[in-house]
Structure formats: structure tokens, C-alpha cells
Protein chains: 2
Amino acid sequence: MTTEHTRASAILAVSTVIFALRKDDETGGLPQVWLPLVRRIREPFEGRWALPGGPLRGEEDLAYAAARTLNDTTGLTPRYLEQLYAFGDTSRSPAGDRVVSIVYWALVRSDEAERASVGENVRWFPADDLPPLAFDHQLIVEYALWRLHTKMEYSRIAHAFLGERFTLAQLREVHEAVLGRALDPANFRRTIEASGAVVATDEYLTGTPHRPPRLYRYNDSIDLADAGPLPRQQHPFGGEK
Amino acid sequence: MTTEHTRASAILAVSTVIFALRKDDETGGLPQVWLPLVRRIREPFEGRWALPGGPLRGEEDLAYAAARTLNDTTGLTPRYLEQLYAFGDTSRSPAGDRVVSIVYWALVRSDEAERASVGENVRWFPADDLPPLAFDHQLIVEYALWRLHTKMEYSRIAHAFLGERFTLAQLREVHEAVLGRALDPANFRRTIEASGAVVATDEYLTGTPHRPPRLYRYNDSIDLADAGPLPRQQHPFGGEK
DNA sequence: GCAAAAGTGTTATATGTACACCCATGA
DNA sequence: TCATGGGTGTACATATAACACTTTTGC
């Protein structure tokens with residue numbers, strides 16, 4: 001790292017891929033992965049949909065910028081936020097304006113996302129049926145989805161989609177939606193319980209047409225243990241990490 | 001991502017953590033992880049050791065910049081190159097000059113590293129015994145080492161330290177050096193052979209004081225299968241990825 | 001009682017690990 | 001022939017997956 005006080009050679013932006021689960025009525029109530037996009041109102045790619053984001057301000061940290069633009073476009077607070085990748089190829093934008101984008105990916109609670117603000121230029125799309133995107137954002141979303149999949153398998157991030165208390169069936173539904181396949185309820189229960197990811201409460205969900213399931217809460221005394229030796233950064237909009 | 005033609009809010013730099021294995025005579029010929037550092041010749045942190053790198057030039061891709069600065073400081077070509085993380089906290093540098101560093105990590109062949117150019121301001125250090133580093137480079141190196149460890153366990157990058165042909169014992173030595181523990185030769189052999197990572201040649205290493213071991217080569221018909229859906233980028237200094 | 005989901009138990013298979021043992025060479 | 005690392009075989013422990021079975025509620 002050198003610190004010449006020259007003009008930077010590229011514009012630095014921060015974008016975020018925001019994930020929530022949404023029960024699509026057409027698919028029979030099974031939740032699916034959705035994400036919000038913003039419509040570009042200027043060239044290049046005017047009119048196309050793109051990831052929310054913006055230029056990095058001089059005084060804010062990278063994760064802060066990601067959480068702020070996330071909040072600006074959706075009014076939401078990320079429950080999970082992690083850096084994805086820095087995209088900076090010279091060919092990713094039409095000639096003239098080179099942009100290096102540091103991209104984050106985030107999870108937001110699905111019930112909050114349901115009543116999230118949407119405007120003329122902000123809309124939610126199912127992740128497997130996106131419109132044509134600006135720049136290389138198609139590639140970025142695919143990469144973020146891949147990270148979401150792989151991380152769901154070995155990490156404990158699923159609860160970020162849910163509320164304070166949840167049943168194991170709800171947690172399993174999250175896994176199934178993200179992984180795109182059914183999981184054995186019995187084995188899922190044992191795996192989750194053995195991991196210590198959740199703690200049983202003494203409450204039960206009532207009003208079901210069958211045996212009432214026990215409610216669990218996230219065990220925050222164990223950390224996610226996969227972000228590496230990077231210091232646990234508390235981002236300014238609350239939530240974890 | 002927006003494309004306002006404002007002045008960028010931070011200087012953008014690219015740095016690289018470069019790893020090679022070196023047989024330390026003091027430790028009884030067991031190879032260890034070493035990395036090259038450059039001495040800073042100006043404030044801040046003048047005189048301290050730091051990661052090789054430099055500002056991003058307007059016309060070059062990120063990976064190209066990493067490979068170029070790697071070549072500038074060591075004269076070497078990376079055999080493996082991967083983006084590590086973008087470090088951009090406002091607190092990582094003394095007030096005044098904010099720098100966002102996109103850090104790569106690289107593997108170079110150990111025999112090439114042995115005869116790599118070193119100057120007054122470039123020196124190799126063992127990874128577990130580094131001098132005080134400038135900025136947050138201590139943290140960056142620790143993170144890179146963690147990534148090297150974890151990636152060595154599930155990926156097939158060890159051959160990047162070796163030459164064209166190698167014995168399974170040599171490959172095992174690489175794993176042992178990086179992981180810092182001994183591995184069962186029998187089980188290591190079976191695991192590697194089952195993974196398809198290497199192909200047996202019909203050549204044998206002669207001149208050993210015991211049974212001559214078979215030579216293997218890397219199986220490049222199988223890709224590393226862990227970089228996600230990111231397009232395979234051929235960097236300009238040759239080598240793979 | 002019946003349907004449906006919660007929750008428990010059992011078994012088969014795959015994977016990982018430890019270690020005994022034979023093989024082929026230089027000295 | 002002996003020492004040494006190369007290479008093979010095998011048994012044991014643990015993890016994963018498949019699925020039968022019991023429990024508890026609303027209707």
C-alpha cells in the first residue's frame with residue numbers, strides 16, 4: 001500500500017445484494033429467495049435494473065456504506081452483512097467511466113421485507129427470474145447466490161431471515177428455500193440441535209391443526225465462526241456483525 | 001452502482017500477500033511458509049515493513065495490478081492468485097490519507113522463490129515470525145494465512161508451490177507445512193488419488209537411498225472448483241487462474 | 001377416531017483415522 | 001542384509017442419510 005496523494009484512478013462504489021424470503025402465492029406457499037433492485041435513471045444502462053448502492057463517501061467505512069444504501073433503498077436493517085467481492089475489471093462498464101465496486105451481501109428479515117418500502121424505482125424480484133441487469137450485476141447476483149448456498153450449508157445464518165422465536169420447521173423451510181431441495185425433518189433437527197445454533201424455549205406455537213411445535217431462539221453465545229480472524233465489526237444500523 | 005463523475009472519495013490500492021515455502025536450515029529441513037515484505041521509504045510508517053503493492057492504475061484490472069506488483073517486487077510469476085478482501089476502514093491509516101486496499105493472495109513456486117531477487121528494501125520473512133508491520137497489514141497477513149489453511153484442506157492448490165512433476169511425499173510435505181501438522185502418508189495418498197487432483201506419470205525419482213517414488217503431475221483437466229461462478233480469469237503474467 | 005405434523009429410534013452406508021505390514025532401492 | 005521411505009491392506013470410529021415408528025394436537 002502506497003499513499004501517494006494522487007487522484008484516484010477509479011471511482012469507488014459500494015453495492016449490496018439483499019436477500020429476503022417471500023412466500024410466492026403461485027408456487028403454493030413455498031418460500032423463495034427475493035431481492036430488491038433499483039431502476040437506473042441515467043446512462044449508461046438507463047432504465048435497466050441494478051443493485052442498490054452508491055459511491056463511497058470519504059468518511060464512512062465500507063460496511064457502513066453498504067448498510068446505509070441498503071437502508072436508503074428499502075428502509076430495512078440488515079440482520080447479516082458480509083463483504084462479497086471487489087469487482088473492478090476495466091471492461092465491466094462502457095468506456096469512459098471506470099468503477100470499482102465493493103459488493104456486500106445481506107440478509108433481511110422476511111416479515112420486515114414484506115412491508116418494506118417500494119417506490120417507482122425500487123422493486124423486488126425472485127432471484128431465479130430476474131430482468132436484464134445493468135453492468136455485470138447479473139454475474140454479481142449469481143456469485144452472491146452461490147455464496148448464500150454454500151454458507152447456508154456450513155454456517156448458521158438462516159435465522160437472519162426469521163424473527164426472534166421460530167420453530168424448527170420454519171428454520172428448515174429457510175434452508176430448503178435457499179438450497180432448493182427438501183430436507184429430512186428428523187435429521188435436520190438432530191444436526192441443528194447438535195450444532196448448538198439454537199436454544200429451546202419453553203414456549204410452543206399454538207393454533208396449528210396438529211401437535212404444537214416448540215419455539216426456539218438463536219443462540220448468540222456462539223459466534224458464526226466462519227468470518228475468519230477478521231474482527232467482529234458492529235455495523236452502525238444495529239443487527240449483528 | 002452509480003457513475004457520477006465526481007472525484008473518488010478514497011485512494012484505491014492493490015496489495016498482495018505472497019506465499020512460498022522455504023526449507024529453514026534451523027528447523028531441520030522442514031519447509032515453512034515465508035513471504036516477502038517491502039520496507040516503506042516514506043511516512044506514514046517510514047522504515048516499517050509492509051505488503052507489496054501500489055495504487056491501481058486507471059487502465060489495469062485488479063488481478064493484473066496484483067500480478068504486476070508481485071512481479072515488480074520479486075521478479076516472480078504467481079502460480080495461483082486470488083482476491084482476499086477489500087480493506088477500507090477509515091481508521092486503518094493515520095488521519096488525512098484514506099486508502100482502500102484490495103488485497104490479493106498468491107502462491108509462487110518455492111524453487112523460484114529461492115532465487116528470487118531481493119534488494120535492500122525487499123526481504124523474505126517466515127510467516128510465524130514477522131517484524132512489526134505498517135498499517136493493518138498484520139491483520140491482513142493473519143487473514144491470508146487463515147484462508148491458505150482452510151483452502152488447503154478442501155481445495156487443490158498445493159501443487160502451486162511445486163514444479164511440473166513431484167512425488168506424493170513432496171505434495172504431502174506442502175500440506176504438512178501449511179497445516180502445521182503431520183499427515184498419515186497412507187491416508188494422504190488415498191485421499192489425493194481419489195480426488196483426481198494428480199495424475200501418475202511413468203517416471204520415478206531416482207537417487208534416493210530407498211525405494212524410488214513415482215512422479216506425478218497436476219491434473220489440469222479438473223478445475224479448482226471452488227472459486228464459484230466467477231469467470232476463470234487468465235491473468236497476464238501466465239500461470240493458472 | 002383421523003389427519004397431519006412433531007418428535008424419537010434404528011439401520012445402512014460413506015468417510016475419516018490409526019496402524020500393521022510388504023516392497024524396492026542404496027549402501 | 002539392513003535401514004528407509006514407498007506403497008497396500010484392514011479394522012475401527014464417526015458422520016451422514018434413509019426411513020419406520022410413536023406422540024400430540026385440531027377437527
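Convention: sequence-line order gives letters A, B, ...; per-chain numbering from 1.
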**OP:** Answer yes or no: is there a donor N or O on one side and an acceptor on the other, between the side chain of A:H137 and the main chain of A:A50, under 3.5 Å?
**Re:** no

Original post:
With sequence neighbours excluded, what pairs up with A:F188 under the ring-ring contact (aromatic ring centres under 6.0 Å, His included) test?
Top reply: A:H175

Restricting to nitrogen or oxygen on both sides, can you table the protein-nucleotides 13-15 of chain D pairs closer than 3.5 Å?
none

**OP:** For A:F125, enumerate each residue passing the ring-ring contact (aromatic ring centres under 6.0 Å, His included) test, keeping only those at least two apart in sequence or located in another chain.
**Re:** A:W49

**OP:** Show your reasoning for whether salt bridge (charged side-chain N to carboxylate O under 4.0 Å, His left out) applies to B:E173 and B:K23.
**Re:** CA-CA 11 Å; B:E173 261 197 340; B:K23 287 185 199 287; 3.4 Å; yes

Original post:
Please give, in whole Å, the distance from D:dT22 P to A:R211 CZ?
Top reply: 14 Å

**OP:** Would you classify A:P213 as touching base, sugar-phosphate or nothing, given that sugar-phosphate means primed atoms plus P, OP1 and OP2, and contacts are heavy atoms under 4.0 Å?
**Re:** sugar-phosphate

Subject >> Gap between atoms NE2 and C1', on B:H210 and D:dT1 respectively (whole Å) >> reply: 18 Å

**OP:** Taking heavy atoms of chain A and a 4.0 Å limit, find me the 5'-most and 3'-most nucleotide of DNA chain C within that range.
**Re:** C:dA4 to C:dT10

Subject >> salt bridge (charged side-chain N to carboxylate O under 4.0 Å, His left out): pairs with one or both residues in residues 204-216 of chain A, sequence neighbours excluded >> reply: none

Original post:
Taking 4.0 angstrom as the limit, do A:E203 and A:R165 come out as a salt bridge?
Top reply: yes

Original post:
After noting the C-alpha distance and the side-chain angles of B:R147 and B:E82, does the key distance pass the salt bridge (charged side-chain N to carboxylate O under 4.0 Å, His left out) rule?
Top reply: CA-CA 10 Å; B:R147 277 274 277 272; B:E82 180 187 320; 2.9 Å; yes

Original post:
Contact class for B:T206 vs. all strands (heavy atom < 4.0 Å): base, sugar-phosphate, or nothing?
Top reply: nothing

**OP:** Scan residues 161-191 of chain B against DNA chain C and write down, sorted by residue number, each residue with any heavy atom closer than 4.0 Å; if none is found, say none.
**Re:** B:D184, B:A186, B:N187, B:R190

Subject >> B:E164 atom CD, over 12 foreign heavy atoms within 6.0 Å >> reply: no

**OP:** For residues B:Y143 and B:Y85, establish whether the separation of their ring centroids is below 6.0 Å.
**Re:** yes

Subject >> Nearest-0.5 Å distance, CG of residue A:L70 to CG of residue A:L81 >> reply: 7.5 Å

